[in-house]
Number of protein chains: 2
Amino acid sequence: MVTMRDVAKRAGVSIATVSFVLNDTKPVTPATRERIELAMTELGFRRNMVARALASRRTRIIAMAYPALDHRFGFSAAEFFTSAAEAARQQDYHLVLWPVGNDGGELTELVGQSLVDGVVLMEVQLDDPRIAVLQRTRTPFALIGRTTALEGLTHVDIDFDTTVEDAVGYLHGLGHRRLVLVSGDLADPRFHTYGPYVRSEAAYRRVAAGYGIETIVLECSDSTRAGREAATRLLRDHPETTAVLVLNEYSALGVMSGLNRLGRRIPDEISVLSLMAPDTAALSNPELTIMRTPGPELGRLGTEALIRQLEGATPLPPPHLIPAKLHLGESTAPPP
Amino acid sequence: MVTMRDVAKRAGVSIATVSFVLNDTKPVTPATRERIELAMTELGFRRNMVARALASRRTRIIAMAYPALDHRFGFSAAEFFTSAAEAARQQDYHLVLWPVGNDGGELTELVGQSLVDGVVLMEVQLDDPRIAVLQRTRTPFALIGRTTALEGLTHVDIDFDTTVEDAVGYLHGLGHRRLVLVSGDLADPRFHTYGPYVRSEAAYRRVAAGYGIETIVLECSDSTRAGREAATRLLRDHPETTAVLVLNEYSALGVMSGLNRLGRRIPDEISVLSLMAPDTAALSNPELTIMRTPGPELGRLGTEALIRQLEGATPLPPPHLIPAKLHLGESTAPPP
DNA sequence: GTGAAAGCGCTAACAA
DNA sequence: TTGTTAGCGCTTTCAC
């Protein structure tokens with residue numbers, strides 16, 4: 001292995017000088033810098049990140065902690081990850097996806113080993129135990145999602161209020177007055193404090209009340225099967241419904257599939273609108289009209305916010321909340 | 001931060017002894033071991049992985065290198081990752097998903113930094129440039145997928161021969177004689193040496209010839225949209241087709257959707273069979289019959305093979321090739 | 001069975 | 001502008 005010592009010897013300088021050009025931490029005359037750089041390429045030097053990390057107490061690794069066992073890794077999550085990794089790379093950090101449990105145990109282990117400089121937390125619960133872990137261990141972190149108590153926490157999230165307002169406004173504008181919200185299954189312990197469901201549902205109740213339309217909410221697990229089953233319940237219990245708003249991407253595909261099976265023509269007889277990533281929307285038939293989850297923006301923003309924190313820079317100014325925007329598909333139309 | 005030195009002082013032993021109990025590298029009397037363990041819990045000691053890595057020249061981190069920009073991260077990939085991470089954890093390693101480019105550049109950087117002990121390579125091409133990088137840098141690695149030249153490379157992969165035999169055999173057994181294979185887009189530079197397509201297609205030609213049925217192959221990109229478009233081509237150019245075998249999960253969903261749109265009843269008029277993960281199969285309508293990609297097994301096997309290599313253990317005995325097994329859905333039936 | 005001490009490759013004072 | 005040097009926290013010989 002070629003070390004800085006080798007480079008220094010070859011360039012006829014001290015190891016410290018090599019460090020200075022590598023990190024750009026002190027001025028070095030162009031001549032010596034050039035000699036050092038030449039030596040580095042000649043020798044094929046690659047700096048040892050582990051040694052650097054030990055000496056500087058920074059690894060330049062950011063972990064995106066994903067609760068692999070409790071949430072399936074869907075398209076939206078893939079968007080978060082890809083964009084976050086890209087943002088990190090641009091700032092000379094490595095961002096890796098680190099599967100951890102939802103209870104905080106594995107996260108404790110991870111951050112206790114001082115292997116990562118910071119953590120981007122995905123799928124945050126309203127009272128997430130992992131946040132206590134990060135605070136206790138004084139690990140810098142950023143949230144994609146929000147807890148209930150947000151004081152001082154670096155976070156980015158979907159603006160559910162605006163999103164739901166826009167979604168319902170759009171359907172209302174088309175003439176729909178009999179809507180149903182298909183939310184998550186709040187009885188499921190994994191989700192009963194899951195922000196996206198809780199906040200969207202609250203926003204929906206508020207917005208629906210504002211329009212003076214009846215508020216009907218169906219609960220539904222995050223699976224296609226559950227979505228299909230929800231479609232059955234929907235037609236049985238609320239046959240007069242003309243439009244459905246679905247929060248989960250898997251549920252939405254199931255609702256589409258279920259309505260199709262039951263012979264409802266979409267969008268002629270019933271409209272469906274869902275919060276999801278565009279890749280997913282293309283999977284249904286007809287193609288879904290969606291409120292597009294701002295995955296790329298959130299992944300990038302979250303990572304940038306964390307890195308600013310790591311480098312002691314001034315916090316990123318707002319916006320921290322990004323609304324999902326309407327993308328027209330083929331699943332919405334005026335009511336029959 | 002609590003260091004081994006603190007623990008040693010508190011337990012009244014030397015730092016070396018602490019290391020011995022931590023790593024179980026030398027015999028220690030039960031009495032002192034107990035004192036040390038007590039001290040560790042009292043102090044809340046957590047070993048610093050970075051220091052350990054520097055001293056031992058092993059990080060116990062395995063990177064699963066994923067060509068994030070060239071391949072979308074789908075359900076099958078998620079299965080690989082989850083099971084691989086689990087297998088690593090059981091052997092006290094960390095496995096993280098590391099997004100890298102397909103050309104080997106970023107991979108060079110990653111392994112040059114001696115941050116990871118080994119690499120699990122996904123989405124391997126038949127002549128993958130990344131493999132040269134790993135060999136040149138003497139990085140231990142395992143492949144999920146196969147190159148053309150395999151001498152001495154640790155790898156696991158789908159047994160495409162058996163898989164295609166079983167798939168075609170199943171359709172043939174149902175009575176189908178007019179089949180079409182929807183393969184990848186070999187004109188796309190990302191895929192023209194992509195093992196799964198190349199091997200499956202070769203196997204298909206062989207098996208079809210064996211049954212004496214005409215060999216028709218449609219090329220199709222890895223997207224739902226492309227799949228839909230392939231369905232159109234299929235019905236236009238080969239209207240007599242009674243069964244379709246699709247290799248890519250996204251394409252398959254698109255083919256289903258496309259056939260649905262064009263008014264073909266599945267499976268009454270045409271059967272569809274695809275190679276994919278069961279989660280994905282549930283997304284289509286009707287639910288797809290699949291050859292289930294052995295993601296969990298491959299992820300686990302690949303990781304275990306790599307770890308054995310890292311620890312100098314004897315290589316894992318075969319099987320290295322796992323066939324996908326038939327999972328009945330609702331998209332296949334005898335021909336009309 | 002336990003301890004002393006020499007690194008692992010690098011960073012960052014401090015000195016020159 | 002450049003060099004000297006003391007760590008970073010741990011592993012691992014080699015003595016005892």
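Residue numbers begin at 1 in each chain, while the letters A, B, ... track the order of the sequences.
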Q: Tell me, please, which residues at least two apart from A:Y194 pass ring pair (Phe, Tyr, Trp, His ring centres under 6.0 Å).
A: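 With sequence neighbours excluded, A:Y194 shows a ring pair (Phe, Tyr, Trp, His ring centres under 6.0 Å) to A:H71, A:F191, A:Y197, given in chain and number order.
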Q: Go through the steps for B:T154 and B:L306 under the test side-chain contact (heavy atoms from CB on, under 4.5 Å), then give the verdict.
A: CA-CA 7 Å; B:T154 303; B:L306 174 60; 5.9 Å; no
Q.
Please give me every residue in residues 28-38 of chain A whose heavy atoms get under 4.0 Å of an atom in DNA chain D, ordered by residue number.
A. A:V28, A:T29, A:T32
Classify [X] by what it touches in the nucleic acid, base, sugar-phosphate, or nothing, heavy-atom distance under 4.0 Å.
| X | value |
| --- | --- |
| A:L22 | nothing |
| A:T3 | sugar-phosphate |
| B:V13 | sugar-phosphate |

Q: Tell me, with the steps shown, if A:L115 and B:H94 meet side-chain contact (heavy atoms from CB on, under 4.5 Å).
A: CA-CA 11 Å; A:L115 268 175; B:H94 291 294; 4.1 Å; yes
Q.
I want to confirm an ordering. Mapping B:A51 and B:F20 to their closest nucleotides on DNA chain D, which one lands closer to the 5' end?
A.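 Comparing both residues, the 5'-ward one is B:A51.
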Q | All side-chain contact (heavy atoms from CB on, under 4.5 Å) counterparts of A:R10, not counting sequence neighbours | A | A:A39, A:E42, A:L43
Q: Take A:V28 and A:V13 through the side-chain contact (heavy atoms from CB on, under 4.5 Å) test and state the conclusion after the steps.
A: CA-CA 11 Å; A:V28 173; A:V13 298; over 6 Å; no
Q: Using the heavy-atom set of chain A and a strict 4.0 Å cut-off, write down the first and last nucleotide of DNA chain D that makes it in, 5' to 3'.
A: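 Contacts span D:dT1 to D:dG9, reading 5' to 3'.
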Q. Between the two ends of the helix from C:dG1-D:dC16 to C:dA16-D:dT1, what is the bend in degrees, rounded to 10 degrees, where each end axis spans five pairs?
A.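 Roughly 30° between the end axes, to the nearest 10°.
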Q) When you list every nucleotide of DNA chain C with an atom under 4.0 Å from a heavy atom of chain A, which one comes first 5' to 3', and which comes last? A)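 Span of nucleotides near chain A: C:dG9 to C:dC14.
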